[in-house]
*Asks:* 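Below are the structure tokens for one structure; questions will follow.
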Amino acid sequence: MNIEMQLKGKLIAAVKELYGQEINEKQAQVQITRKDLTGDFTIVVFPLLKVSKKSPEDTANDIGEYIKNNDETVSNFNVVKGFLNIELAADYWLNLVNEIVAQDKHGYVTADENSPLVMIEYSSPNTNKPLHLGHIRNNLLGYSVSRIAEANGNRVVKTNIVNDRGIHICKSMLAWKKWGEGCTPESTGKKGDHLVGDFYVMFDKKYKAEISTIIEEKISEYTPIKDSEDFKATFSALKAKKKTKEGLNETEVEQLKACEELSKYAENNAPLIIEAREMLLKWEAKDKEVYADWKMMNQWVYAGFDVTYKKLGVDFDKIYYESETYTEGKDMVLQGLEKGAFYRREDGSVWCDLSDKGLDEKLLLRKDGTSVYMTQDIGTAKLRYDDFDIDKMVYVVGNEQDYHFQVLALLLDKLGFKWGKDLMHFSYGMVELPHGKMKSREGTVVDADDLVDEMVKTARQMSKELGKLDGYTEEEAEEVFKMIAHGALKYFILKVDPRKNMTFNPEESIDFNGNTGPFIQYTHARIKSIFRKAAEKGIEISDKAPTNVEIGEKENNLIRTIANFPNVVAEAGKTLSPAVIANFAFDLAKAYNQFYHDCPILFEEDENIRMMRLVLCKTVAKTLKNAMWLLGVDVPEKM
RNA sequence: GGUCCCGUAGCUCAGCUGGAUAGAGCAUCUCCCUUCUAAGGAGAGGGUCUCAGGUUCGAAUCCUGACGGGAUCACCA
């Protein structure tokens with residue numbers, strides 16, 4: 001039983017004894033005492049005034065007196081403004097430290113074969129371009145959430161669905177076919193995913209040019225606008241105006257409609273897109289040549305992704321490929337059609353009407369019979385549940401797809417899967433740059449590989465300047481640089497509430513001072529340094545702190561923080577939020593550095609106090625390590 | 001227009017199921033390495049918690065409405 005529950009129990013007993021009334025959980029409020037006041041836990045007496053029929057002060061004093069006399073862990077109490085602050089005896093805290101130091105994974109709940117199985121999907125890249133900053137947030141969140149789920153006593157399967165088919169990959173392939181002159185990663189010296197991405201960009205450029213040409217040709221048929229430049233300007237002006245308060249007048253509505261029609265016509269009739277669509281059809285028909293090219297180019301991309309994943313320090317237990325799941329999805333859709341859950345339009349496309357649920361109609365198969373994103377997700381879900389005994393499915397996907405997952409849950413439900421509506425969309429916010437959103441056309445996309453390389457470079461430079469890794473070999477030092485770079489990047493991204501959009505400022509992310517990953521890593525390294533010094537001096541660190549010593553304010557604060565770790569892990573598990581863990585790690589590191597500054601450790605002359613502090617250091621180091629592990633960050637021995 | 005998310009210091013963010021004087025970091029300005037790692041510590045300035053109502057002993061937190069920002073409603077993924 002933890003101390004908070006114990007105090008709550010005593011509080012309930014006190015009220016019954018003193019005022020003869022039973023109170024419920026909600027009225028029994030025990031919280032951690034504010035740092036600037038004396039006390040360890042605080043009882044809020046306001047909800048009890050109706051029962052006590054006394055002033056807040058008198059009530060608090062009554063209860064304080066009772067608890068002090070009836071609970072030997074309570075050494076004292078004080079009352080401030082009607083808040084009852086309970087102080088616990090020093091030996092209670094020291095015994096707790098000894099309990100914690102004896103556990104390898106204090107705060108974690110270990111899973112066994114009967115524990116729930118949670119499958120967590122994250123990353124889910126498209127194979128037409130390299131990973132960027134947005135993917136980084138996804139990967140780091142997914143990886144951390146997996147570890148958090150694991151530490152909360154779940155069996156976890158990390159999974160990735162690679163979107164390796166579809167019109168997007170056909171675009172890259174087509175561009176490579178047309179203008180690539182048979183180049184390869186080897187011949188160009190480019191990472192495979194980057195090479196394929198270049199062709200995707202090339203496709204887009206030429207496609208846009210074709211669209212402009214068509215608009216130029218057809219402009220007179222649709223609008224009175226003279227040339228395509230004017231068209232672009234008018235079109236975007238109209239769209240912008242529509243969003244404003246005043247809105248559009250009748251002629252403008254007409255104009256916008258005409259613009260939309262023309263634009264849509266051009267987008268659908270550009271020769272390149274027609275060719276890409278034909279290629280997708282051929283691919284679905286397993287045309288030999290198309291398939292061979294597809295396989296080859298995908299291999300390039302996978303090789304590139306592997307490098308990036310390694311760089312980010314993430315991995316997967318089971319990878320699914322859309323190319324292997326989409327047919328399953330098609331079958332499911334057709335079955336749904338037979339069952340009458342879906343319907344077919346005259347043009348042959350298959351839809352689901354969700355208007356009774358307040359949503360729109362959703363396309364499931366195109367008129368040419370090819371699959372869309374949704375089709376694939378249905379198939380993947382089916383295969384996953386066939387493969388694993390899944391109790392909970394978590395999709396780590398950006399919040400721009402909230403609607404998609406709302407629909408997916410309904411569709412799976414309609415198809416008769418009992419787990420359909422239970423899927424969890426772990427929806428996270430977008431990553432923005434200080435100057436706004438990332439736009440590939442404006443070259444403001446932050447590439448994942450570049451970013452990590454840049455971080456490692458900075459870490460290397462900084463460490464060398466500080467000269468703290470003297471005595472390490474090149475390889476050892478390089479490991480630490482990578483660790484610090486990871487620490488900075490991961491912590492920077494994971495410390496913010498996943499739901500919220502975040503601003504990624506490259507300069508701040510590379511900062512190693514203050515509320516950062518390296519600050520926490522540094523704290524760990526400091527402790528380890530003390531242990532090395534202790535060993536030099538021949539001081540052996542016991543597994544038990546003496547419990548008959550006084551503890552000061554900084555020590556008390558440190559122990560209280562550590563004691564709260566299990567609650568933090570549980571909270572993070574409930575909300576699947578790495579940010580909760582990150583904030584905890586920072587608080588702990590800060591508390592330690594204050595302690596370190598104020599209290600001599602090896603220089604302490606009183607042997608008992610010295611040993612108590614050393615054992616305390618041990619629990620801090622371990623807790624920091626365990627907390628950072630949940631973020632996917634390692635901590636160094638030296639830095 | 002419908003649905004959803006967000007609004008806290010100059011900037012980036014914490015603030016758990018309502019609790020005491022709203023906290024960090026960065027940036028600015030002081031101080032502290034002849035003690036264990038200064039990637040550290042101490043201090044100063046900086047706030048109408050977007051606004052208006054409501055519930056409550058008590059509201060940054062819960063409810064309603066407004067304002068501001070974002071996402072989404074594709075035969076894209």
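Chain letters run A, B, ... following the sequence lines, proteins first, then strands; residues in each count from 1. The analysis underlying the following values was restricted to heavy atoms, covering all of them including side chains, and did not include hydrogens, waters or symmetry mates.
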*Asks:* Can you check whether A:Asn128 has a side-chain N or O nearer than 4.0 Å to OP1 or OP2 of B:A77?
*Replies:* no

*Asks:* Nearest to the side chain of A:Lys468, heavy atoms from C-beta on, is which of B:A39, B:U21, B:C36?
*Replies:* B:A39

*Asks:* What is the separation between atom NZ on A:Lys554 and atom C1' on B:G41, rounded to the nearest whole Å?
*Replies:* 9 Å

*Asks:* Taking only N and O in the side chain of A:Tyr373, is any of them less than 4.0 Å away from OP1 or OP2 of B:A77?
*Replies:* no

*Asks:* Does B:G23 have a Watson-Crick or wobble mate here (both distances under 3.5 Å), and if so which one?
*Replies:* B:C13

*Asks:* Around atom CD of A:Glu400, are there more than 12 heavy atoms of other residues, nucleotides or ligands at under 6.0 Å?
*Replies:* yes

*Asks:* Given atom CG of A:Leu359 and atom P of B:A74, what is their separation to the nearest angstrom?
*Replies:* 11 Å

*Asks:* Does A:Arg499 have a side-chain nitrogen or oxygen under 4.0 Å from the phosphate oxygens OP1 or OP2 of B:C6?
*Replies:* yes

*Asks:* Scan for side-chain hydrogen bond (donor to acceptor under 3.5 Å, both in side chains) pairs involving residues 486-502 of chain A, sequence neighbours excluded, and state none if there are none.
*Replies:* A:Tyr491-A:Asn515, A:Asp497-A:Arg499

*Asks:* State which of B:C36, B:C5, B:U21 makes the closest approach to the side chain of A:Tyr596.
*Replies:* B:C36

*Asks:* Checking only heavy atoms, does the side chain of A:Ser124 share a donor-acceptor pair with the base of B:A77 at less than 3.5 Å?
*Replies:* no

*Asks:* By a strict heavy-atom criterion of less than 4.0 Å, which residues belonging to residues 163-175 of chain A are in contact with RNA chain B?
*Replies:* A:Asn163, A:Ile167, A:His168

*Asks:* Please tabulate the protein-to-nucleotide N/O contacts below 3.5 Å involving nucleotides 14-19 of chain B, giving atom names and distances.
*Replies:*
| residue | atom | partner | partner atom | Å |
| --- | --- | --- | --- | --- |
| B:A14 | OP1 | A:Asp497 | N | 2.6 |
| B:A14 | OP2 | A:Lys500 | NZ | 3.1 |
| B:A14 | O2' | A:Asn583 | ND2 | 3.3 |
| B:G19 | N7 | A:Gln29 | OE1 | 3.0 |

